[in-house]
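Worksheet: the structure to be examined is printed underneath.
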Amino acid sequence: MTRPLRLTIAVATTAVAALALAACSAGGSSDNAEGTVTDGKLTIATGDPAYSPWVEDNQPESGKGFESAVAYAVAEEMGYAKSDVVWERSTFDSAIAPGAKDWDLNIQQFSIDAKRKKAVDMSTPYYTTTQAVVTTTGSEAAGDTTIAALKQDTIGVAAGSTSIQSVKSVLGVTPQVFNSNDDAVLALKSAQIDAIVTDLPTAFYMSAAQLDDGTVSAQFPSDDAGDQFGFVLPKDSALTSKVDDALESLEEDGTLEQLQTKWLSSETNTPVLK
């Protein structure tokens with residue numbers, strides 16, 4: 001027997017609706033209402049290894065280290081409990097390359113850059129780099145944590161860096177200029193200079209990786225002229241505006257400043273020059 005046309009359409013419509021409901025229940029990463037790769041979770045990536053003071057002991061899940069702490073603070077503002085945060089690892093280059101991602105946010109000292117924004121989304125800044133003093137434990141500059149004391153030392157900087165102007169304006173002296181940071185490190189090792197001034201992230205790297213007895217002895221007062229770090233998100237992510245809103249709230253209530261003071265100054269014994 002042939003079914004009436006209206007009954008056939010009704011059955012077909014019901015079947016399509018059932019299939020759509022099943023598909024939603026199965027859940028693809030792009031289908032959940034939150035726009036996250038896993039429904040109910042916020043997946044955050046960082047480098048491997050991740051270094052102090054950004055992440056302590058290469059364990060971002062601990063919440064210890066500046067970027068780990070910032071990530072959890074942002075997650076909380078977005079409504080995610082600490083137990084709902086999932087950590088993944090990625091390389092720096094793959095994070096800023098075009099294409100699909102298996103994480104929602106990525107944090108590993110990404111400078112906000114117009115060229116990068118063509119391939120991925122970038123949040124508003126959570127940190128603006130300052131200048132810092134790198135020296136060795138045996139140097140005359142090791143204990144110089146005031147402007148008056150440091151200006152008596154021989155300071156080296158890399159050519160073309162913003163550090164040159166910072167030394168001139170803050171310390172009131174003209175530094176020795178080297179072709180590169182590596183050349184400045186060699187000069188410090190051979191005691192041609194007492195200290196190097198560079199941006200804080202580079203300073204931590206120099207002291208840990210390039211100098212056997214290196215130390216970041218002080219940092220310059222913030223002048224908002226440094227590189228700005230932001231989260232990387234997949235291109236056109238539904239979460240970008242939510243991350244921006246979270247960072248705005250954390251900026252307004254003083255949380256970002258508190259975390260910066262704790263992890264980039266107090267925990268590292270890197271006082272701000274006065």
Side-chain angles (χ1 to χ4, degrees), residues 46-47 49-73 107-109 125-158 161-163 166-167 169-171 173 175 181 184-185 187-189 191 193-229 250 254-274:
T46 192
Y51 294 103
S52 175
W54 315 105
V55 173
E56 294 299 312
D57 302 318
N58 195 27
Q59 296 179 349
E61 65 276 6
S62 70
K64 296 180 178 180
F66 178 61
E67 290 191 328
S68 179
V70 167
Y72 276 116
I107 184 169
Q108 46 181 312
Q109 304 111 68
Y126 59 85
Y127 173 63
T128 300
T129 62
T130 60
Q131 297 293 306
V133 182
V134 184
T135 187
T136 58
T137 54
S139 169
E140 293 182 3
D144 293 345
T145 57
T146 65
I147 293 173
L150 191 63
K151 69 191 304 180
Q152 306 302 318
D153 299 319
T154 304
I155 306 296
V157 296
S161 68
T162 56
S163 305
S166 294
V167 171
S169 60
V170 175
L171 301 183
V173 299
N181 280 328
V185 168
L188 180 59
K189 287 180 176 180
I193 56 177
D194 300 314
I196 300 168
V197 171
T198 185
D199 64 87
L200 188 65
T202 301
F204 283 124
Y205 173 77
M206 282 182 177
S207 66
Q210 294 184 286
L211 295 164
D212 294 334
D213 55 348
T215 180
V216 183
S217 58
Q219 55 186 305
F220 282 34
S222 177
D223 59 5
D224 296 323
D227 287 343
Q228 294 181 318
F229 290 171
L250 295 171
T255 298
L256 290 180
E257 183 178 359
Q258 292 169 10
L259 293 178
Q260 182 178 327
T261 299
K262 177 178 182 179
W263 293 109
L264 302 183
S265 181
S266 299
E267 291 287 336
T268 58
N269 296 314
T270 311
V272 177
L273 289 169
K274 295 181 179 179

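Atom set for the values below is all heavy atoms of this structure, side chains included, hydrogens, waters and symmetry mates excluded. Computed from a predicted structure; not experimentally measured.
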message: Measuring from atom OG1 of T198 to atom CG of N181, what distance do you get when rounded to the nearest 0.5 angstrom?
response: 4.5 Å
- request: Indicate the atoms forming the closest heavy-atom contact of V197 with V133, along with that distance.
  value: CG2-CG2, 4.4 Å
- prompt: Mind checking what makes side-chain contact (heavy atoms from CB on, under 4.5 Å) contact with A184, not counting sequence neighbours?
  reply: F178, I196
- prompt: For residues Y127 and E67, is any side-chain donor paired with an opposing acceptor at under 3.5 Å?
  reply: no
- prompt: Which heavy atom of N58 sits nearest a heavy atom of G47, and at what distance?
  reply: OD1-O, 4.4 Å
- request: For atom CZ of F204, decide whether the heavy atoms of other residues, nucleotides or ligands shown that lie under 6.0 angstrom number more than 12.
  value: yes
task: Have a look at Q131 and tell me which of S222, S166, S163 forms a side-chain hydrogen bond (donor to acceptor under 3.5 Å, both in side chains) with it.
output: S163
S68 side-chain N/O to V55 backbone N/O, donor-acceptor pair under 3.5 Å: no
- request: For residues F220 and L150, report the shortest heavy-atom separation together with the two atoms involved.
  value: CE1-CD2, 4.4 Å
field: side-chain contact (heavy atoms from CB on, under 4.5 Å) partners of E56, counting only residues at least two apart
entry: S52, P53, K64, W263
statement: Here the side chain to side chain donor-acceptor pair (under 3.5 Å) pairs for residues 206-221, sequence neighbours left out, are T130-Q219, D182-Q210
- prompt: Counting only N and O atoms by type, is there a donor-acceptor contact under 3.5 Å from the side chain of T270 to the main-chain atoms of A218?
  reply: no
Over 12 foreign heavy atoms within 6.0 Å of CD, E257: no
- request: May I ask you to decide if D194's main-chain N or O and T135's side chain share a donor-acceptor pair within less than 3.5 Å?
  value: yes
- line: Heavy atoms of P175 and V173 approach each other most closely as CD-O, 3.7 Å
- prompt: Heavy-atom distance under 4.5 Å between the side chains of Q108 and Y51, does that happen here?
  reply: no
